[in-house]
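Here's the structure we're looking at; comments come further down.
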Amino acid sequence: MIRDELTALVEQALAAAQSAGDLPEFAAPEVELEHPQRPEHGDYSANLPLRIQGLAHMKAVEVAEALRAHVPAHEAVAAVEVAQPGFLNFRFDDGWLAAQTPVIASDAAYGSSQAGAGQRLQIEYLSANPTGPVHIANARGGVIGSTLASVMRAGGYEVEEEYYINDSGSQAAIFGRTLYARYQQLFGRDAEIPENGYPGEYMVEIAQVIKDEAGDRYLKPEGEEHDPALDRVGIDAMTGQIREDLKLIGVEYDGWFSERTLQVEGGPYDHVLSELRERGHIVERDGAVWFASSQLGESKDNVIIRSDGAPTYFATDIAYHYDKLTDRGFDRVIDIWGADHQGHVSRLKSSLDALDIDSERLHVLLYQLVSLRRGTEVVPLSKRAGEIITLREVVEEVGSDATRYFFLATSPNSAIEFDLELAQKQSEENPVFYVQYAHARIAGVLDKAAGEGLSSEGADPALLTHEAERTLLRKLLLLPEILEQVVETLEPQPLPHYAQELAGAFHVFYTQCRVVDEDNEALSRARLLLLEATRVVLARTLSLMGVSAPDQM
RNA sequence: GCCCUCGUAGCUCAGUGGAUAGAGCACUGGCCUCCGAAGCCAGGGGUCGCAGGUUCGAAUCCUGCCGAGGGUACCA
């Protein structure tokens with residue numbers, strides 16, 4: 001991308017200035033260019049002179065002058081200027097800028113890179129317990145995860161998206177007991193929902209579906225334990241519903257991984273346990289088996305097998321990550337978790353290190369929790385509370401595009417509040433429509449032009465000299481940098497903000513520059529080309545966010 | 001108590017070492033005989049929680065304090 005080329009110019013200027021004796025020899029920090037806020041400061045700015053003034057024992061402005069004298073010529077650069085208190089500013093050449101239009105317009109994958117080429121990356125996200133429907137707070141992880149997956153693919157990674165199904169353990173057991181109670185009730189028995197069970201109505205619906213399909217196959221004599229096969233049927237039904245609900249917001253996985261399969265004889269769970277035991281990381285105490293994590297600098301030990309013989313979530317999670325990072329051979333794994341799992345990060349990483357797996361290959365991205373409100377009233381989110389606001393309900397009211405945009409535009413580090421009462425209103429005011437409207441407008445103009453027999457064929461981009469045209473072009477050139485930033489920080493929020501800026505630049509252009517003009521066909525063709533380039537970048541940005549790019553609204 | 005995250009315009013939030021801190025919503029005023037007014041233009045509104053420190057330069061980094069959310073289970 002252009003920024004890297006200009007960065008190289010500064011590095012070359014430094015080396016040349018030093019070898020010419022205009023600057024003393026010293027090891028300089030890495031050169032980084034930034035975008036000045038004010039247009040009069042140019043398109044890119046290097047603060048290197050300010051950072052090395054001490055090393056050079058010179059005033060920053062003098063350093064900048066020495067560098068400027070050695071900056072090699074470049075087709076994209078019209079001017080290199082020194083500004084107080086010691087910046088080195090670069091200004092684009094208008095001809096070069098305009099010439100980027102056809103390059104962008106013809107590259108549907110504009111902004112892609114090969115940063116992750118040859119690396120297999122797994123992103124695991126959402127993975128809500130399959131003990132109830134997906135609710136709106138779960139959706140935040142789904143939107144972040146699916147967007148990151150798209151962006152990482154654009155960054156050259158080979159990406160697999162996975163949902164980890166917690167189908168064993170105590171929550172699954174309680175789910176099974178609740179389901180059996182509901183199932184029995186359908187046969188007229190006076191069964192009670194267990195304490196800490198799942199009282200929601202959806203359990204009745206699942207029981208009904210099972211009864212419709214299997215009749216009384218799972219009905220045992222009163223007082224007898226229920227058939228564990230019922231649990232699996234129930235979990236499968238719930239998982240199927242989750243899968244369908246997530247499609248509503250454009251979340252689809254490459255794989256669904258069952259926690260239970262880790263525990264087969266001789267599987268990852270057995271292996272990890274014996275491996276940890278051999279390496280001396282296991283202690284037994286109070287009838288339970290512990291991972292001796294305090295020896296590894298953790299604040300405490302952690303139970304991995306409870307005194308009732310059942311593995312904890314932590315134990316199977318070690319096995320799960322072992323499986324991903326060794327057996328399945330991913331180079332990197334990204335887990336996206338709600339902040340309520342924050343305490344789990346450090347002990348999981350320490351367990352991987354204990355198994356000689358470099359825990360740096362695992363990135364856990366935490367997002368702060370979503371709270372729900374209806375007006376001034378706080379709505380509880382727990383599945384074990386009666387009321388559940390499902391993702392499906394919210395999406396049907398607010399729409400997938402507005403929901404995704406809402407979750408993408410805020411930093412994962414900020415807790416957010418979803419107000420159901422304002423959801424509809426907020427959706428109408430959602431900036432996503434501002435962006436989509438830009439896309440629809442472009443489609444409309446291209447359509448009109450085609451109707452009049454006009455196209456961008458043979459366009460001369462050098463005619464794009466209007467201030468609004470150049471501003472728009474400058475925005476188009478930013479996409480590669482935005483994608484690189486998301487790949488590096490694993491935070492998606494630059495995408496929607498960029499989309500909004502780009503749409504804004506387009507709307508200004510549209511207001512000031514008439515595209516289809518019978519009296520000036522050459523200019524019309526050039527502007528149509530600019531529209532095509534803008535459409536490529538807008539559509540690409542929206543597509544990476546999982547938001548639709550409509551031709552009409 | 002200890003650990004993690006947050007505190008920026010009336011509201012919702014961007015901005016994580018640069019030059020005069022931004023956007024959307026809300027508010028005030030203006031712009032459609034002309035490609036979509038879901039748009040554009042102009043305006044008001046800020047001690048960037050508080051106090052120190054580091055730096056040529058701090059909303060951004062460090063320390064302390066205040067406030068909010070989360071964690072600190074033989075739940076997941």
Side-chain angles (χ1 to χ4, degrees), chain A residues 32 34 36-38 40-41 45 47 49-51 53-54 59-60 83-87 89 127-129 131 166 168-174 196 259 285-290 299-300 302-314 316-317 337-346 366-369 371 384 406 409-417 419 422 425-426 428-438 440-449 451-452 454 489 493-494 496-497 500-501 503-504 506-517 524 527-528 531 552-553:
Chain A
E32 281 173 7
E34 61 200 0
Q37 283 176 11
R38 306 180 65 78
E40 62 264 33
H41 293 144
S45 177
N47 62 7
L50 288 153
R51 296 174 64 199
Q53 56 182 324
K59 284 184 178 170
Q84 291 288 348
F87 291 100
N89 296 334
S127 300
N129 273 346
T131 52
N166 298 123
S168 86
S170 56
Q171 296 309 316
I174 293 169
N196 295 322
E259 178 185 3
R285 187 164 68 232
D286 306 330
V289 177
W290 302 67
S299 56
K300 60 183 181 58
N302 291 280
V303 171
I304 56 177
I305 302 178
R306 303 190 306 228
S307 51
D308 67 5
T312 59
Y313 167 80
F314 178 46
T316 51
D317 219 22
W337 297 348
D340 53 339
H341 288 58
Q342 165 260 123
H344 185 59
V345 177
S346 167
L366 297 172
Y367 61 90
Q368 297 298 313
L369 299 184
S371 56
R384 273 163 277 178
F406 175 78
T410 57
S411 163
N413 286 334
S414 297
I416 52 180
E417 202 168 66
D419 188 331
L422 291 177
K425 184 168 172 291
Q426 281 170 347
E428 284 161 12
E429 292 159 359
N430 195 299
V432 75
F433 297 122
Y434 178 82
V435 178
Q436 291 179 317
Y437 181 55
R441 263 182 154 179
I442 291 170
V445 178
L446 291 174
D447 222 40
K448 177 185 164 69
E452 300 184 11
L454 259 182
T489 63
Q493 71 273 24
H497 294 286
Q500 223 167 317
E501 267 183 44
F506 164 75
H507 286 308
V508 171
F509 158 77
Y510 183 86
T511 305
Q512 298 186 9
C513 301
R514 186 170 177 85
V515 178
V516 180
D517 181 355
S524 293
R527 286 180 169 168
L528 285 169
L531 281 196
Q552 287 178 24
M553 292 176 69

Between the base of [N] and the side chain of [X], is there a donor-acceptor distance below 3.5 Å?
X	N	result
T410(A)	C13(B)	no
N430(A)	A38(B)	no
D340(A)	G70(B)	no
S45(A)	A19(B)	yes

Euclidean distance for [atom1], [N] against [M] (whole angstrom):
N	M	atom1	value
U5(B)	C27(B)	C1'	33 Å
G57(B)	G17(B)	C1'	8 Å
G49(B)	A37(B)	C1'	41 Å
A42(B)	G36(B)	C1'	24 Å
G44(B)	G18(B)	P	27 Å
G30(B)	C62(B)	P	50 Å
A76(B)	C13(B)	C1'	31 Å
G7(B)	U16(B)	C1'	15 Å

Report yes if a side-chain nitrogen or oxygen of [X] is closer than 4.0 Å to either non-bridging phosphate oxygen (OP1 or OP2) of [N]; otherwise report no.
X	N	result
S170(A)	A76(B)	yes
R38(A)	A21(B)	no
Q368(A)	G69(B)	no
Q37(A)	G15(B)	no
R51(A)	U55(B)	no

Measure [atom1]/[X] against [atom2]/[N] and give the value in whole Å, please.
X	N	atom1	atom2	answer
N413(A)	C3(B)	CG	P	18 Å
N302(A)	A76(B)	CG	P	12 Å
F87(A)	G17(B)	CZ	P	14 Å
Q500(A)	G15(B)	CD	P	13 Å
Q512(A)	C31(B)	CD	P	18 Å
E452(A)	C34(B)	CD	C1'	12 Å
H507(A)	C35(B)	NE2	C1'	14 Å
Y434(A)	A38(B)	OH	P	13 Å

What is the base-pairing partner of [N], counting Watson-Crick and G-U wobble geometry with both distances under 3.5 Å?
N	value
G64(B)	C50(B)
G39(B)	C31(B)
C56(B)	G18(B)

Next on the checklist: If we ignore hydrogens and angles and just use 3.5 Å, is the side chain of H507(A) paired with the main-chain N or O of Y434(A) as donor and acceptor?
Outcome noted: yes
So what does [X] touch, heavy atoms closer than 4.0 Å: a base, only the sugar-phosphate, or nothing?
X	value
Q436(A)	nothing
A339(A)	sugar-phosphate
A440(A)	base
N166(A)	sugar-phosphate
V508(A)	sugar-phosphate
I416(A)	sugar-phosphate
A83(A)	base
H344(A)	nothing

Item to check | Gap between atom CG of D447(A) and atom CD1 of I442(A) - 0.5 Å precision | outcome: 13.0 Å
Checklist entry - Roughly how far apart are W337(A) CH2 and S127(A) OG, rounded to 0.5 Å? => result 10.5 Å
Checklist entry - Which of these passes side chain to side chain contact (heavy atoms under 4.5 Å, CB included) with S45(A): E32(A), Q37(A), E34(A)? => result E34(A)
Checklist entry - Using centres under 5.5 Å plus planes under 30 degrees as the test, is Y510(A) stacked with G39(B)? => result no
Checklist entry - Does H41(A) lie flat on the base of A19(B), that is, centres under 5.5 Å apart and planes under 30° off? => result yes
Picking from [options], which would you name as closest to the side chain of [X]?
X	options	answer
Q171(A)	A76(B), C56(B), G36(B)	A76(B)
Y437(A)	U20(B), A38(B), A14(B)	A38(B)
K300(A)	U72(B), G39(B), G22(B)	U72(B)
Q342(A)	G70(B), U5(B), G39(B)	G70(B)
K448(A)	C35(B), G24(B), C56(B)	C35(B)
E40(A)	G39(B), U20(B), C40(B)	U20(B)

Item to check | Residue met sooner reading RNA chain B from 5', once D517(A) and G287(A) are mapped to nucleotides | outcome: D517(A)
Next on the checklist: With nearest nucleotide decided by heavy atoms, which residue, T511(A) or I305(A), maps closer to the 5′ end of RNA chain B?
Outcome noted: T511(A)
Checklist entry - Glycosidic conformation of C48(B), syn or anti, with 90° from 0 as the boundary? => result anti
Item to check | Smallest separation among heavy atoms of H497(A) and A409(A), with atom names | outcome: NE2-O, 3.0 Å
Item to check | E259(A) versus T316(A), side-chain donor and acceptor atoms under 3.5 Å | outcome: yes
Checklist entry - With a 4.5 Å heavy-atom cut-off, do R527(A) and D517(A) have their side chains touching? => result no
